[in-house]
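To keep things clear, I will list the structure first and then write my remarks on it.
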Amino acid sequence: MVTRSLLYGVALLLNITVSILLARRLSEADYAAYQFATKRVINYATVPISLFGLWMYRYLAVRRRGSFSAGLFLSLLSGILGILLGFSLEYLEAKVGLEAALLAGTALMLQSFMGGITTMLDATRPVRLALLTLVYRLLYSALIMVALYAAFPSLGHVFIATSLSLAISIALGLEWLHQVVGSDSSPWPTLAEWARTSRPLLIAYVVGFVASLDATIAYPLVGSAVVAAFFVAAAVATLVRESANTGLRYLHAYVLSTGNVAAALRSIFIVASLATPLFVYAAVHPLYIIYVFNYKYGWASWALTVFMITAIIEVLNGGLSNLVMGSIGEVGEGSVSKFERLNIVTSIPSLVYIIALAGAFIMLKGLQLQLIILAWSAVYMVRFALSVGIYYYWFLPGNAKGEFNRRLAKLALSALLAIALSLLFSPLVPPSRGLLRSIAILAEMGVPYLAVYYAIVAVVDPELRSVASRLLRAVSSGSLSL
């Protein structure tokens, strides 16, 4: 976990930089269109991986013959859907030009294929996946900067940069997978078995698909300005949360192979505790964060506060999801009934989310944008709070609930400490429109804030102190095994 977290942390810094530049350099409509494609349309395109990705992961984790070739086949299917849906939805829904829509389709084709590569690499060599993520982010960051600053920034240039970075990363990922798996048998028997057991996965896909319709619904009801503000307000939380959740993905295979639920809970709350001060400082000082991205979205600052609080809940939700799936010990047809029940019950928050969101948009249409984006953030929070509650009450083993409650209380105390320190280390001057100046204003008090928080937590929490010691030893000895 230490090596993965370190690599994802570096990738996170690159991701933050690029997200800021995209929000600053692209127009409101272009920024919304790019985020819509790479954050929402991608969910529609990766139908085969979404339907069978769970089996792909579990079969590869135990090295079932045929699972690698089956995964490649599904990745190719997802790529075909990516180019078709990327082009059509960007052209018809986001209303970009024909050339930009074609470039969007190409980028979505590669991004969809990359989804299969990352799933398979995560099941076989998780630390290599972390390294591949870093390589991709390095390429992506460099090419996006060229696209945004070497020429007049446009949506088409950004899609070209995205496609190039994905193509190179896919080639590297395939090479690493070949080294691990080698030659494989025919995919058809494995695909047939997955098809016979696809019912619970179909439920999971439909749930994910429904939840990803939020931006698609928002475009015609409340316009591109709110869509752009949603992605900006959620961007910082998304970056840190995705890094944390990706670092916790190994819990599925870990619990599946060891059955150690207590250790998995410990990892979840350690990651949540490390991420909490970042979320809290942004929640307490939202306008300063918005100004780093683009001051024009300052009207969405209150929504940012809600998104940041939700991000802590999302980290817990992501960790619990992997823990619960790993606790289903059967592999293949024997696990169908358990996964079916899991996916039916966990579909409730997504259904509540999309129905409540559509209702809020209809009722608030034409009112102030601040109110609309705030309502969006509130409904978003309810979705993940419900999800954590469902995992806890229905699926967390009874003997683990006491441990969960104890660690949740400790996390709440950490959050209170972070709030107090955030107020103590408030920025000294008003926010600035300039990028470097706005970063400097945040860093002036934000860096000592983080230093004091982590120092206090390290003193009082032996588990976090142990994690820090292992990380320092690994870095100093060069023992970060790949």
Side-chain angles (χ1 to χ4, degrees), residues 22 30-57 70-122 129 132-133 136 140 155-156 158-171 173-174 187 191 194-195 198 201-219 227 230-231 234 238 242 245-246 343 350 354:
L22 285 170
D30 283 353
Y31 180 76
Y34 181 74
Q35 296 295 338
F36 177 60
T38 57
K39 297 293 193 300
R40 290 298 183 267
V41 179
I42 186 63
N43 293 328
Y44 316 150
T46 51
V47 177
I49 297 173
S50 297
L51 282 177
F52 303 111
L54 178 64
W55 289 165
M56 189 193 309
Y57 180 94
L72 285 178
F73 178 78
L74 295 177
S75 300
L76 286 171
L77 283 182
S78 293
I80 294 171
L81 283 174
I83 193 168
L84 295 175
L85 291 176
F87 169 77
S88 58
L89 287 177
E90 283 290 288
Y91 187 72
L92 298 173
E93 184 80 3
K95 298 198 169 32
V96 304
L98 182 62
E99 180 183 350
L102 288 171
L103 292 171
T106 303
L108 266 290
M109 174 186 67
L110 294 168
Q111 189 180 1
S112 299
F113 190 85
M114 182 73 167
I117 299 299
T118 56
T119 299
M120 291 187 286
L121 200 57
D122 193 27
L129 173 60
L132 181 64
T133 301
Y136 166 68
Y140 177 72
L155 184 61
V158 172
F159 278 127
I160 291 173
T162 303
S163 296
L164 288 173
S165 56
L166 282 167
I168 296 171
S169 301
I170 286 170
L174 284 172
L191 289 170
W194 290 354
S198 63
L201 305 182
L202 179 61
I203 297 169
Y205 171 72
V206 170
V207 171
F209 176 81
V210 168
S212 67
L213 290 173
D214 52 3
T216 307
I217 292 172
Y219 257 115
V227 174
F230 167 74
F231 286 118
T238 298
E242 285 184 355
N245 285 344
T246 305
N343 290 332
S350 295
I354 208 68

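Atoms CE and CD1, on M120 and I49 in that order, are 7.5 Å from each other to the nearest 0.5 Å. With rounding to the nearest 0.5 angstrom, the CZ atom of F52 is 6.5 Å from the CG atom of L74. Here the CG atom belonging to L72 is positioned 6.5 Å from the CG atom belonging to L174, to the nearest 0.5 angstrom. In this structure, CZ in F113 is found 10.5 Å from CD1 in I80, a value given to the nearest 0.5 Å. Expressed to the nearest 0.5 Å, how far OG of S112 lies from CG of L76 amounts to 11.5 Å. Distance check: L132 CG to T118 OG1 gives 8.0 Å after rounding to the nearest 0.5 Å.
Across all their heavy atoms, S78 and P48 have their closest contact at OG-CD, 3.3 Å. In this structure, Y219 and A33 approach most closely via the heavy-atom pair OH-N, 3.4 Å. Contact record, L108 with G82: CB-O, 3.4 Å, taken as the closest heavy-atom pair. Listed here is the closest heavy atom pair of T38 and Q111: O-NE2, 3.2 Å. Shortest non-hydrogen contact noted between Y91 and V96 is CD1-O, 3.5 Å. Y140 and L22 make their closest contact through OH-CD1, 3.8 Å (heavy atoms, listed as atom of the first residue, atom of the second, distance).
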_Would F87 and L98 count as a side chain to side chain contact (heavy atoms under 4.5 Å, CB included) here? Give the steps._
CA-CA 8 Å; F87 169 77; L98 182 62; 3.5 Å; yes
_D214 vs I354, test: side chain to side chain contact (heavy atoms under 4.5 Å, CB included). Steps then yes/no._
CA-CA 6 Å; D214 52 3; I354 208 68; 4.2 Å; yes
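Residues M109 and L166 form no side-chain contact, since every pair of their non-hydrogen atoms from C-beta on lies 4.5 Å or further apart. Counting only heavy atoms from C-beta outward, the side chains of T133 and L129 approach each other to under 4.5 Å. Considering only heavy atoms from C-beta on, S169 stays 4.5 Å or farther from I117 through its side chain. Taking the side chain as every heavy atom from C-beta outward, M56 and W194 approach each other to under 4.5 Å. Between Y44 and L81 the shortest side-chain heavy-atom distance does not fall below 4.5 Å.
The stretch residues 70-94 participates, sequence neighbours left out, in no salt bridge (charged side-chain N to carboxylate O under 4.0 Å, His left out) pair at all.
Looking at K39, its side chain never comes within 3.5 Å of a backbone N or O of F36 through a donor-acceptor pair.
For L103, the side-chain contact (heavy atoms from CB on, under 4.5 Å) partners two or more places apart in sequence, or in a different chain, are E99, F159, I160.
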